[in-house]
Amino acid sequence: MSTPGRDVHAHLRRLLGDALLADEPLRHHTTFQIGGPADFFVAPKTPELLVAALRAAHECALPVHLIGGGSNLLVSDDGLRGLVVRNDCGAVEFEGTVAHVGCGAEYLEFILRCRARGLAGLAYAAGIPGSVGGAICGNAGCYGQDLGARVLECAVATLDGARVETLPASWFAFAYRDSRLKREPRVLLSATLRLEAGEPAAIQREIDERLEIRRVKHPQWRTEPTAGSYFKNLPLGFQVPGLPHSPGTHRIPAGALLDACDCRALRVGDAAVFAKHANILVNAGHATARDMLALAGEMKRRVRARFGVELEEEVLFLGVRPEPAGAAPGAD
Ligand SMILES: Cc1cc2nc3c(=O)[nH]c(=O)nc-3n(C[C@H](O)[C@H](O)[C@H](O)COP(=O)(O)OP(=O)(O)OC[C@H]3O[C@@H](n4cnc5c(N)ncnc54)[C@H](O)[C@@H]3O)c2cc1C
């Protein structure tokens, strides 16, 4: 699709006002700090404004891309055509042990608000970056637990903003790092989650423990740009003699296969494998999406050649994929 003309820009500005940004660099909105410009960008703070943005894009025949914290995304160097909507709707209300949370709420901030109310059940996830909406879309989790298990229902809008409805948890078909939203996109406005009563000091202790484990084992994404685990762990039942399973999940971690293939020394341009974890890729300077794809491609190739298994990306690619450059990446 070509770049939209001035009249589309003017019309969209009339509909959305000064909140509308044009040619907004998406590297400012992803934890990889990679991504070319979005034709148009808005970050609505209420569900009403968000739905208005969806309707405006529809009226201007522009494709819509939804993002939260951008912590599970690799965005094309060419950016994205159409309107990128970052969900900034983060209002939270509690009703006993049930929370109603705007899907733009930062996940850690929400976990801390639950702790303050004496509500337990999410402390294990402290340190997963991004928004509640992104975590529901990808059913984010760790240590064998995931957010989908806490969802009772969600308010969602259709991508054209024409309809808002409430969908029960069963609609989402939550599975390991997966939900139906990945195949049938809807815009998550708010979620109703089931928590349980807990003691704030004990919840805080668990939060502190989880944050400390991540501080030691993971890159600090604000200063070492990353999107966390690049590949999903292996399907249930896949066995490799001598390789361990992840705690709580009964899956062989992708990192174990990548280590067996000597992937930690790999680098393409400024796209590098994190020194402490073979399944975490980092932007070590000015990496491009093309670099990152070439590095990930080489890692997949090695695992395929050695184990006959195809690693599946956990990080989602947005935009048009570049043609492979053809040059074989080298190990630095
Ligand atoms: C250091 C680090 C550690 C990480 N650790 C973990 C971990 O332990 N476990 C784990 O599961 N993940 C982990 N991640 C990955 C990532 O943080 C999670 O997947 C997170 O839940 C993504 O949320 P987000 O708001 O950033 O989503 P984004 O990356 O912005 O978007 C991801 C997907 O969700 C969709 N989406 C976002 N918001 C909405 C919405 N409101 N409605 C509909 N769709 C929406 C987007 O369209 C996109 O398809 C880690 C990432 C980093 C950088």
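Order of listing sets the numbers, starting from 1, for every ligand and every atom in it. FYI, the numbering just counts along the sequence from 1.
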**Asked** Between Glu59 and His11, does any side-chain donor sit less than 3.5 Å from a side-chain acceptor?
**Response** yes
**Item:** Lys217 NZ: over 12 foreign heavy atoms closer than 6.0 Å
**Value:** no
**Glu24 and His29: side chain donor to acceptor below 3.5 Å** = yes
**Request:** For the pair Arg113 and Glu106, find out whether any cationic side-chain nitrogen is under 4.0 Å from an anionic carboxylate oxygen.
**Result:** no
**Prompt:** Gly68 heavy atoms, cut-off 4.0 Å: which ligand 1 atoms fall inside?
**Reply:** 25 (O), 28 (P), 30 (O), 37 (C), 38 (N)
**Asked** If you measure from the Lys or Arg side-chain nitrogens to the Asp or Glu carboxylate oxygens, is any gap between Arg13 and Asp18 under 4.0 Å?
**Response** yes
**Sub-4.0 Å heavy-atom approach of Arg214 to ligand 1** = yes
**Message:** Please check this pair: side chain of Arg186 against backbone of Ala157, looking for a donor-acceptor N/O pair closer than 3.5 Å.
**Reply:** no
**Protein heavy atom at shortest distance from atom 49 (O) of ligand 1** = Leu316 CD1, 3.3 Å
**Request:** For Ala135, counting its heavy atoms only, list the atoms of ligand 1 lying under 4.0 Å from any of them.
**Result:** 21 (O), 23 (O)
**Message:** So which atom in Leu74 and which in Leu293 form the shortest heavy-atom distance, rounded to 0.1 Å?
**Reply:** CD2-CD2, 3.9 Å
**Request:** Between Arg177 and ligand 1, find which residue part has any heavy-atom pair under 4.0 Å and reply side chain, backbone, both or neither.
**Result:** side chain
**Request:** Please confirm whether His9 and Phe40 have ring centers closer than 6.0 angstrom.
**Result:** yes
**Prompt:** Are any of the N/O atoms in Asn72 less than 3.5 Å from those in ligand 1?
**Reply:** yes
**Request:** Look at atom 12 (N) of ligand 1 and say which protein heavy atom is nearest, naming residue and atom and giving the distance to 0.1 Å.
**Result:** Glu314 OE2, 3.9 Å
**Request:** Assess Arg186 for proximity to ligand 1: is some non-hydrogen atom of it under 4.0 Å away?
**Result:** yes
**Prompt:** Quick one: does Thr31 get an N or O within less than 3.5 Å of an N or O on ligand 1?
**Reply:** no
**Prompt:** So which of Gly134, Gly69, Gly138 gets nearest to atom 38 (N) of ligand 1, if we judge by its closest heavy atom?
**Reply:** Gly134
**Request:** With atom 7 (C) of ligand 1 as the reference point, say which of Ser190, Gly141, Pro185 has the nearest heavy atom.
**Result:** Gly141
**Request:** May I ask you to check whether Ala227 has an N/O atom sitting below 3.5 Å from an N/O atom of ligand 1?
**Result:** no
**Complete:** Among Cys89, Pro129, Ala157, Gly130, the residue with a heavy atom nearest to atom 20 (C) of ligand 1 is Pro129
**Message:** Using a 4.0 Å cut-off to any heavy atom of Ala140, which atoms of ligand 1 qualify?
**Reply:** 10 (C), 11 (O), 21 (O)
**Fill in**
of all protein heavy atoms, closest to atom 26 (O) of ligand 1 is Ser71 OG, 2.6 Å
**Prompt:** Any donor and acceptor pair, going by atom type alone, linking the side chain of Tyr176 with main-chain N or O of Lys232 inside 3.5 Å?
**Reply:** no
**Request:** Could you tell me whether Gly70 and ligand 1 have an N or O pair separated by under 3.5 Å?
**Result:** yes
**Request:** Would you indicate which of Leu50, Ile67, Leu66, Thr30 comes nearest to atom 39 (C) of ligand 1 when only heavy atoms are counted?
**Result:** Leu66
**Request:** Determine yes or no for a side-chain-to-main-chain donor-acceptor pair under 3.5 angstrom, with Arg115 supplying the side chain and Pro200 the backbone.
**Result:** no
**Message:** If I compare all heavy atoms of Ala126 with all of Arg214, which pair ends up nearest, and what's the gap?
**Reply:** O-NE, 3.3 Å
**Request:** Have a look at ligand 1 and work out which part of Cys137, if any, has a heavy atom under 4.0 Å from it: side chain, backbone, both or neither.
**Result:** side chain
**Residue pair Leu73 / Val315: nearest heavy atoms and the distance that separates them** = C-CG1, 3.8 Å
**Close approach, Leu181 and ligand 1, non-hydrogen under 4.0 angstrom** = no
**Complete:** min-distance protein heavy atom vs atom 13 (C) of ligand 1 -> Ile128 CG2, 3.9 Å
**Prompt:** For atom 42 (N) of ligand 1, what is the nearest protein heavy atom, given as residue, atom name and distance?
**Reply:** Leu188 N, 2.8 Å
**Message:** Counting neighbours of CD on Glu93 that are heavy atoms of other residues, nucleotides or ligands and sit closer than 6.0 Å, is the number greater than 12?
**Reply:** no
